[in-house]
Structures are given as structure tokens and as C-alpha cells.
Amino acid sequence: MKTATIGQTADARLRAFEETVSHYEAALLRYAARVLRNPDAAQDVVQEAFLRLFERWKQFFEPGPQLSSWLYRVTHNCAVDHLRKEQRRGLLHTRQAREEADFAPPDRGEAFRLSEAAERAAAALKHLSLREQQLVILKIYEGLSYKEIGAISGLSVGNVGYILHHAMRKMAAELKEAKAI
Amino acid sequence: MSRDDAHGRPATAATDGRIKCDEIQAVLFDYMTRELGPARSELVREHLRKCPACQTAAAEIRATLDLLREASGDRAGVPARLSDERRRRLRWAFAHPVLNWIERHHVLVSLIATVLAVALALTLLRSARLRPAEPPETIPVIIGHPPGPAETNAAAPTP
């Protein structure tokens, strides 16, 4: 991936920007879709993150861990904004109530089948706070280190470990109660 | 004192052979995700060999972790890339930065436009009030009939 600098021509800048989009879009979409549980909203949020990146594109941007952390952070903030808006509209409460009332694994066809216990685990994840969900997704789903998660979330490495420890205990207790583990 | 684990805690903090189960259980997740340094990992491993309570706690965390890892393989409905429409929108933003800025900040732009329009209207109104009023155009009114030529001559002074 090329580095974008102020002195580039418009074409080269566009190419560098598109390469950056292609490089990060899959991971960001996956992350946003996990947080939002809505693929369309995830697309909106990731598009917004790239638009914000474009607004800062005039600054020097070195692709790498710093840019990756910045994009994850902006995507997370946009996702939280989206959830707040949705919550204000009252949609979230209705949806959560429906999800809690009748737990039924979604139909994914034959291509991929999760065990019921894994479905329970995914459902238990939704019951955590947004901060806890963010850390669990980044750690377990995306496989990032505490240091990388700290850079994204703005938390210290110690806090990341502490929050994850409590989140896992909560989930383990819920899964034990549901006899999933 | 060497920093050993992901939390920055020293490796020698719990090496006196009397490690509390609480301390071990607090780092089980770190241990399982390889965030502990080698020295602390060895302490946890050693403790787990001997402590049934911590073995149970570790088994629960491990089972939860495994289920979440299984669930993470579920990519149903997760898009792999941005839709063509959204990519076009990004390219458009790149090609038209000013229009893009206006569109993205349309509330701010509308607010500024409204304030400017009101300010302009007030200025025009004020300047119209400050301008001195012009006297109305007067038309001389003559009462009676205008004097004829004979009367004019008679009234003229004799040299």
C-alpha cells in the first residue's frame, strides 16, 4: 500500500485512498456488523469512517497500526452514534425485547451451522455493555493484542485485561445458567 | 523488577508459594489468550495443576472462549466489502471535496445561510429606516381663475 502525502497528484491520491479502503474495509465491516448486528448499518458506518478519513487525507497518513487503530476507533464511535440514534427512536428496545423473548438461532442455510451453544454465546455477548462487547470482539473475533485494543479504545492495557476478565466471567455465568457449558 | 505480564505487573509478585486463587482467576483469560509473560504463565500452570477450584473456573472460561471462537466463524450477513453505491459515494467525495463538505455539514450550512439571510434582511430594513424621508412633491394650487392679459397690463406699474 502506498503512502499518501500532500504533494501527490489527484490521481495518485485517489489511488492511495482506494487502496486504503480496500485494505481495511473487510475488517471494519466485520467489526461494525458485529457491534450493530445489522449489515446495512455496518456499511453506512464504515462509509462514514472512510469519509472522515478522507477529510483528514490532506494530513500525512502512514498506513500501519496507527491508521488501523484510528479507523477502528472512528468506526466504533460511528457505530455507537448509530446505536444511540436507534435507541432514541425506540427501535433498539423493541428489537432487544423481541430477541430476549424468543431466542431462536437464525437460519443460515446448510453452508454454515453454529452449535446451539455457540449461538447462546453470541447471544450472551449482546447482553454485555458496549464497551465490553467492543473489547471481546476485538480480542476474540479479531484476534488483536491488548496493546492494539488499548490503542483503539483509549484504555490502558491493564484496564483492557480487567474489563475482558469481568466480561468473560459474566458470559461464563450466563452460559452456565443456560447449561450451554 | 522486571515487568512480566500484559498488565505490567511484576513477575515476582506472587512467587512466595501462597498464590491466592483470586489472583489466579483474575488472569485466567490473559493466560489463555497468551497475554501473560512466560514466568507468570508458568505460575498459573503450576497452580492449576494443584487447585480444583481454579481448574473449574479455567474450564468455564475456556469453554466460553471456545464457543465465542466458534461463533466468530459465523460470517452470515457480514459484507466482505463496501457496496458499489458506497464506493461511488467515496469517489464522488474525493472528486468534489467542497460539495462533499457542504453535504456532510448541511445542518451547519443551512444554519449559516439562515443567519446570513436574516442579517441581510435586518440590514436592509435598518438602512431603509435611517434614510431621511423626502418631502412630498407639491403642486401649486391657485384659487380663482387665472388673471387675463388685460388685468395683467393694468396691474403693471407705469414706468
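We name chains A, B, ... by the order of the sequence lines, and we start the count at 1 in each one.
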Contacting region of [X] [heavy-atom separation from chain B under 4.5 Å]:
X        : answer
A:Leu175 : side chain
A:Ser145 : both
A:Ala26  : both

Could you check whether atom NE2 of B:His105 has more than 12 heavy atoms from other residues, nucleotides or ligands sitting under 6.0 Å from it?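 More than 12 within 6.0 Å, yes.
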Please indicate whether B:Arg126 has more than 12 foreign heavy atoms, meaning atoms of other residues, nucleotides or ligands, lying under 6.0 Å from its CZ.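 No, CZ of B:Arg126 has 12 or fewer neighbouring heavy atoms, counting only those of other groups under 6.0 Å.
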Nearest 0.5 Å, what's the [atom1]-[atom2] distance between [X] and [Y]?
X        : Y        : atom1 : atom2 : answer
B:Arg86  : A:Gln43  : CZ    : CD    : 4.5 Å
B:Leu36  : A:Tyr146 : CG    : OH    : 8.0 Å
B:Trp101 : A:Glu55  : CH2   : CD    : 9.0 Å
B:Leu65  : A:Ile181 : CG    : CD1   : 11.0 Å
B:Thr56  : A:Lys176 : OG1   : NZ    : 7.5 Å

Where does [X] contact chain A at under 4.5 Å (heavy atoms): side chain, backbone, both or neither?
X        : answer
B:Leu28  : neither
B:Ala80  : backbone
B:Asn100 : side chain
B:Arg104 : side chain

What about [X] and [Y], same hydrophobic cluster or not, with Ile/Leu/Val/Met/Phe/Trp/Tyr joined at side-chain heavy-atom distances under 4.5 Å?
X        : Y        : answer
A:Val46  : A:Leu130 : yes
B:Val109 : B:Trp92  : no
B:Val78  : A:Tyr31  : no
B:Leu116 : B:Leu108 : yes

Going by the angle between their ring planes, with limits at 30° and 60°, are A:Phe54 and B:Phe94 parallel, tilted or perpendicular?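 Because their plane-to-plane angle lies in the 30° to 60° range, the rings of A:Phe54 and B:Phe94 count as tilted.
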Is there a side-chain contact between A:His165 and B:Asp30 in this structure, where contact means two heavy atoms from C-beta onward sitting under 4.5 Å apart?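 No. Closest side-chain heavy atoms not under 4.5 Å.
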Can you give me the closest heavy-atom contact between B:Ala71 and A:Arg34, atom names plus distance?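 Nearest pair, atom of B:Ala71 first, then A:Arg34: O-NH1, 4.3 Å.
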Is a side-chain donor or acceptor of B:Arg89 paired with a backbone partner of A:Leu51 at a separation under 3.5 angstrom?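 No, B:Arg89 side chain to A:Leu51 backbone: no donor-acceptor pair under 3.5 Å.
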Just one of B:Thr33, B:Leu67, B:Leu68, B:Thr64 clears the side-chain contact (heavy atoms from CB on, under 4.5 Å) bar with A:Ile140, so which one?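 The single option meeting the side-chain contact (heavy atoms from CB on, under 4.5 Å) with A:Ile140 is B:Leu68.
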List the steps and the verdict of side-chain contact (heavy atoms from CB on, under 4.5 Å) for A:Lys139 and B:Glu35. CA-CA 11 Å; A:Lys139 181 66 197 165; B:Glu35 291 283 351; 2.8 Å; yes
Taking every heavy-atom pair that is under 4.5 Å apart, which of A:Met171, A:Lys147, A:Met168 has the most such pairs with chain B?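 Heavy-atom pairs under 4.5 Å are most numerous for A:Met168.
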Out of the candidates B:Arg87, B:Arg81, B:Arg91, B:Arg88, only one should pair with A:Glu18 under the salt bridge (Lys or Arg N to Asp or Glu O under 4.0 Å) rule; please name it.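 Going through the options one by one, the only one that passes is B:Arg91.
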